[in-house]
Amino acid sequence: MSSTKFATGILLGAAAGAVLGILFAPDKGSETRKAISKKSTDLKNAFKGKMNDLVDDLASQFEDVKTGAEKLAESGKEKVASMRGEAKQSLS
């Protein structure tokens, strides 16, 4: 059995268990709906937070790469200028 199928089975089992737990819960329907609403809001907020963290991390990494590329380009320009100077001196 592949790990993908196993993980899918676990997720489907958990989802089925959650649905059955809600259906057979001893709380009143209004209480259950409030709990579901609160949990979905909490999950949505957690997801937004994780996505914001991911975007911030990617932006930071992009800036680091950009800065490194700019430094590398400047270093290359300096080496070319140095080599041109050396070539002019050797021709003189």
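Position 1 is the first residue of the sequence; numbering continues from there. Scope of the values below: all heavy atoms of this structure, side chains included, with no hydrogens, waters or symmetry mates.
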Practice task
Mind jotting down which residue pairs meet the salt bridge (charged side-chain N to carboxylate O under 4.0 Å, His left out) criterion with at least one end in residues 34-60? Sequence neighbours excluded, please.
Solution key: K38-D42
Practice task
Name all residues meeting the side-chain contact (heavy atoms from CB on, under 4.5 Å) criterion together with K28; count only those two or more places apart in sequence or in a different chain, and write none if there are none.
Solution key: S30, E31
Problem - Test item: T41 side-chain N/O and S37 main-chain N/O as donor-acceptor pair under 3.5 Å - result: yes
Fill in the blank from the handout: Students should find that the hydrophobic cluster of L54, defined by side-chain heavy atoms under 4.5 Å apart, otherwise consists of F47, M51, L58
Problem - side-chain contact (heavy atoms from CB on, under 4.5 Å) involving E74 - partner list, sequence neighbours excluded - result: K77, E78
